Amino acid sequence: MFLTEKKDVKEIGEALKKYKKIGVVGCASCASVCLTGGSREVKEMKKHLEALGKEVTFTISIDEPCDKRVLKEDIRFVEDELKETEAVVVLSCGTGVQTIGDFIQKKVVSGTDSKYIAQTEHIGEYYALCGGCDACRLNFTGGVCTITLCPKGLLNGPCEGHNGNNCEVFEDKECVFVKSYDLLKKYSEEDNLNKIFEPRDYGHSTTRTKI
Amino acid sequence: MQIIPQIETPVSKNYSIFEENLIKLLNAVEKDPQYGARTDNSLPQIIIEQNFGFNALLLCRDLKENHKIKTAYAFNMRDKNRISLLSDLITLKQLGLKDIIVFEGVHPLKTEFKSAKPVYDIDILGLGLMLKRGLMNDIPSDLFNFGAVIGASAAVDFLKVKKLVEIGTDSFFINYAEVNPDESIIKYIKSNNKKLFLIVKELSIKGSLNDFIKTIDNLGLDGVIIKIMDESSNVFTRK
């Protein structure tokens with residue numbers, strides 16, 4: 001799931017200052033799970049906008065607004081309302097916001113801040129485990145991502161600052177390289193302990209790269 | 001065992017006054033009957049560390065050219081990407097400075113620049129790999145004495161040391177963490193005929209330097225790096 005957090009409504013109000021007729025689009029996938037863009041949040045946003053004196057022309061929750069195929073199907077339900085809409089508040093991650101903006105060719109305003117790909121422990125408790133960094137090294141690390149879980153994103157750690165088994169930065173947390181070491185031992189994959197990772201090739205992970 | 005001071009270039013001090021005071025400190029250390037004896041002339045007399053302060057390369061150059069002081073340059077992976085590191089390495093080459101000491105670097109969250117974006121483009125092992133392979137025809141593989149700062153308190157540190165030895169790291173600098181480092185790591189480094197030092201922060205030394213040295217005397221180190229807070233440090237002279 002991609003974690004989002006609700007934006008301050010003041011910022012949303014500022015971005016909509018010159019627009020009167022507003023639509024609201026929610027995301028029934030990730031943003032719904034993290035309570036930033038589900039049907040309840042869409043209703044809340046409608047209320048906020050009306051309190052600001054805006055006319056809400058439509059509200060809709062789209063299963064996956066980041067998927068153009070789904071978006072194309074679902075947006076048909078508000079096709080007529082969209083014509084008279086000046087701006088759309090999107091309660092999804094940045095990918096959803098941009099996909100909708102590109103598709104409807106109207107002003108879009110993001111109602112959330114995009115955080116990271118998250119593991120959900122409980123609603124409200126999330127952890128970043130994967131940074132989507134292009135070349136996955138989990139097969140060599142015992143299944144823990146040192147790039148995401150080490151605050152320095154090291155490949156060949158640990159750093160010189162760790163304190164015993166704990167991280168230098170988050171002192172109450174175990175150093176991810178210690179965890180990786182324990183897991184490789186557990187799975188009898190000692191060979192991987194000696195693997196030297198070459199410097200990352202950022203040329204392959206620039207954001208405009210198309211797969 | 002050789003004692004080598006290490007200092008960061010300061011943020012707000014006048015360059016000339018700082019340099020002058022640093023020379024006085026080095027002269028005082030050199031004259032000290034206990035710490036002044038240089039047992040190995042291949043080792044640097046001082047390590048200048050680049051952190052937040054003025055450009056440490058300038059100071060390295062001046063110490064070498066104007067004062068004939070053998071200087072090592074210490075820098076981290078936090079602040080520079082590989083392009084910027086290459087630029088520093090080319091500068092070092094042109095200045096004729098051979099001793100470099102690299103560390104991953106304290107994360108910005110643990111500094112006063114909490115909102116700074118950390119770089120960590122490559123780690124020290126990555127830099128070592130690149131250096132020992134030679135860089136873009138400009139930097140031959142044997143140009144620098146590549147020193148790596150390491151921890152030595154957990155089994156994973158041993159693994160990192162093994163990898164660093166494998167890529168050809170010339171010397172090791174153990175970051176002292178209030179307890180003596182793991183002896184198996186020390187033995188491994190020494191068995192590979194690598195130079196080995198302990199980096200100790202001045203503030204970690206509670207009594208006299210001499211008393212502290214006694215506690216680490218049996219570790220078989222080639223030297224101790226004392227990271228001093230500023231150039232007026234009395235760690236070398238206090239009893």
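As the structure is a prediction and not an experimental result, all values here were calculated from the model. Every chain is numbered from 1 and lettered A, B, ... according to where its sequence line falls, protein lines coming before strand lines.
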Intermediate values then yes/no, salt bridge (charged side-chain N to carboxylate O under 4.0 Å, His left out), B/E104 and B/R78: CA-CA 6 Å; B/E104 309 293 1; B/R78 178 193 65 206; over 6 Å; no
Test item: B/K98 side-chain N/O and B/N145 main-chain N/O as donor-acceptor pair under 3.5 Å: no
Flag, side chain of A/K54 to backbone of A/Y19, donor-acceptor distance under 3.5 Å: yes
Main-chain N/O of A/A87 paired to A/T85 side chain as donor or acceptor, under 3.5 Å: no
Pair B/F52 + B/F113: ring centers closer than 6.0 Å: yes
Contact winner vs chain A - B/I124, B/I199, B/I167, B/L129, heavy-atom pairs under 4.5 Å: B/L129
Close approach to chain B in residues 143-158 of chain A, criterion heavy atom under 4.5 Å: A/P151, A/K152, A/L154, A/L155, A/N156, A/G157, A/P158
Contact origin within B/R82 toward chain A - heavy atom pairs under 4.5 Å: side chain
Backbone N/O of B/K187 and side chain of B/S191: donor-acceptor pair under 3.5 Å: yes
Chain A interface, residue from B/N175, B/D182, B/V119 that has the most non-hydrogen pairs under 4.5 Å: B/N175
B/L203 atom CG, neighbour heavy-atom count above 12 within 6.0 Å: yes
Under the side chain to side chain donor-acceptor pair (under 3.5 Å) test, residues paired with B/E178 that sit two or more places apart: B/S204
B/D170/B/K195 under salt bridge (charged side-chain N to carboxylate O under 4.0 Å, His left out): CA gap, chis, key distance, verdict: CA-CA 7 Å; B/D170 299 296; B/K195 289 247 163 46; over 6 Å; no
Step-by-step salt bridge (charged side-chain N to carboxylate O under 4.0 Å, His left out) determination, B/D222 to B/K190: CA-CA 10 Å; B/D222 292 287; B/K190 295 306 293 176; 2.7 Å; yes
Neighbourhood of chain B inside residues 172-197 of chain A, taking heavy atoms under 4.5 Å as contact: A/F177, A/V178, A/Y181, A/L193, A/N194, A/K195, A/I196, A/F197
Ring centre gap for B/F158 and B/Y188 strictly below 6.0 Å: yes
Contact class of B/M130 relative to chain A, heavy atoms under 4.5 angstrom: side chain
Interface moiety of B/K163 toward chain A, non-hydrogen atoms closer than 4.5 Å: both
Partner set under salt bridge (Lys or Arg N to Asp or Glu O under 4.0 Å) for B/K70, not counting sequence neighbours: B/D99
